[in-house]
2 protein chains.
Amino acid sequence: MSEVAATGISVLLVDDHPIVRQGYRRVLESQGDLHVVAEADNAADAYGAFKAHDPDVVVLDISMPGASGLEAIRNIRARSPRARILVFTMHNEAVLVKSAFGAGASGFVTKSSEPSAVVNAIRAVARGERAMSDDIAHILAEDSLSSGSVLDQLGEREIEILRQFAGGATTEEIATHLNLSVKTVQNYHYLIKTKTGARTDAQLVRLAATCGLTKI
Amino acid sequence: MSEVAATGISVLLVDDHPIVRQGYRRVLESQGDLHVVAEADNAADAYGAFKAHDPDVVVLDISMPGASGLEAIRNIRARSPRARILVFTMHNEAVLVKSAFGAGASGFVTKSSEPSAVVNAIRAVARGERAMSDDIAHILAEDSLSSGSVLDQLGEREIEILRQFAGGATTEEIATHLNLSVKTVQNYHYLIKTKTGARTDAQLVRLAATCGLTKI
DNA sequence: TGCAGCTCGGGCAAATTTCCCAAGCCGGAT
DNA sequence: ATCCGGCTTGGGAAATTTGCCCGAGCTGCA
């Protein structure tokens, strides 16, 4: 089955770019103990491939910040809790990293990492350990220093505006509700984004949701 | 306790504006059978007030589209399933109305309704019936005609773009992922909003979430 | 007293959104 | 066969919003 300790570590590659998969495959295969037993080019197929090949480690690229990558992780973990998933992506937002681990990932490595860091991470998660690249560690460390919850970075006004915004209110509506100028609300909006590190309004909304600021 | 059928209907008023509460109170009290036994000026205090006075009907103004009003409803209903809650607000989005009923509200009346419609709604929910003002009924009717799930209105591409957007991806990122021009994605974005009736990106995100398109 | 942080808003260039429109494609209806 | 309608893809132009930078008033704290 997957007790391939003697023969090495079997890997499922999930990435939407064939070229990238080729690169991965080459790097991994050159290690001797790592064997790419399957590939998938989208998150949706990931579980099928996983079930079919039962790899020791899934190396997954969530190219998009939010959804389907995380979904794939949850998908796999929900039905095969012993699955080890290493996320390998170019994104490095603390929120995303936490989400990934929260979804059940065992490791998180950025694309800017050394190949050696990647293969070590694969070996680590195969051993059941948690792994992450140095830059990710720094991001998380930085993040944990400055925040209990992300909300702690925000003032009252900011929180109120975030709540209303995430609740679906227009900038103008918020300005009216709070008796502020539209400009001020816009500035808060921007401030909140920079403070929380959200690059997108959508990320802001899910941030508010995960912090319990709004229910969905 | 709350078996006040002989003495009329006891009401808890929840609204953040004292003036508005005064107005409500005056209107309700003038009816003879309606008695305002308590008030709360925020969603958070609503449950405390409810528990303390056990009113027949809670009249609740969720001034903000999304969150804390719905939370209050769930809060009350979760611990006192026999509670009757009448939402009274200026918002009239179909999504919001459904959410309110989904959260456990018994009625939904807009601020533009006649006072008589409001008091009738209160009596109706007190009898255990469902109640809503005419405009709300129209909105919901309109909405139900055109939609099974909101997603049925959307094509594949639209759904995919909505998913990625709600997941936190930038317009440009989506364009890259799907190999489309930024312009096209922008147009889809706009189209999706008009089709779903979402006025705000945030509403779009929570729409995607409630439809199971994205997890949060 | 003085610094630091929150709140509030102006300014302005750059980017995005909002609508409206056009064209190709395809499937179903006539 | 043809036409209609809907999906997909994008251009164009006006209207808004964003991204940053700045200043001012206020409060609390050292």
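Computed from a prediction, not measured in an experiment: that's the story for all the values here. Order of the sequence lines fixes the chain letters, A, B, ..., with proteins taken first and strands second; residue numbering starts at 1 for each chain.
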- Task: With heavy atoms under 4.0 Å as the rule, sort B:T171 into base, sugar-phosphate or nothing.
- Result: sugar-phosphate
- Task: Could you check whether B:E172 gets within reach of a base, just the sugar-phosphate, or nothing at all, counting any heavy atom under 4.0 Å?
- Result: sugar-phosphate
- Would you mind telling me which of D:dT18, D:dG19, C:dC19 lies closest to the side-chain atoms of A:Y190? D:dG19
- Report, as a single string ordered 5' to 3', how protein heavy atoms within less than 4.0 Å touch nucleotides 23-30 of chain D: B base, S sugar-phosphate only, - not at all. --------
- Nucleotide by nucleotide, nucleotides 5-10 of chain D touches protein heavy atoms under 4.0 Å in the pattern (B base, S sugar-phosphate only, - none) --SBBB
Is the backbone of [Y] close enough, under 3.5 Å, to the side chain of [X] for a donor and an acceptor to pair up by distance?
{"X": "A:T196", "Y": "A:I192", "value": "yes"}
{"X": "B:R206", "Y": "A:V205", "value": "no"}
{"X": "A:T200", "Y": "B:G168", "value": "yes"}
{"X": "B:Q203", "Y": "B:R199", "value": "yes"}

- Between B:F165 and B:Y188, is the ring centre distance below 6.0 Å? no
For [X] and [N], give me the distance from atom [atom1] to atom [atom2], rounded to whole Å.
{"X": "A:Q186", "N": "C:dG10", "atom1": "CD", "atom2": "C1'", "answer": "12 Å"}
{"X": "A:L204", "N": "D:dT17", "atom1": "CG", "atom2": "C1'", "answer": "14 Å"}
{"X": "B:K193", "N": "D:dT17", "atom1": "NZ", "atom2": "C1'", "answer": "11 Å"}

- Task: Would you verify whether the NZ or CZ of B:R130 falls within 45 degrees of the ring axis of B:F101 while also being under 6.0 Å from that six-membered ring's centre?
- Result: yes
- Task: Given salt bridge (charged side-chain N to carboxylate O under 4.0 Å, His left out), test A:D135 with A:K111 step by step and report yes or no.
- Result: CA-CA 10 Å; A:D135 45 355; A:K111 287 214 174 149; over 6 Å; no
- When you check the phosphate oxygens OP1 and OP2 of D:dT18, does a side-chain N or O of A:H189 lie under 4.0 Å from one of them? yes
- Query: Charged N to carboxylate O below 4.0 Å: is that the case for B:E158 and B:R163?
  - Reply: no
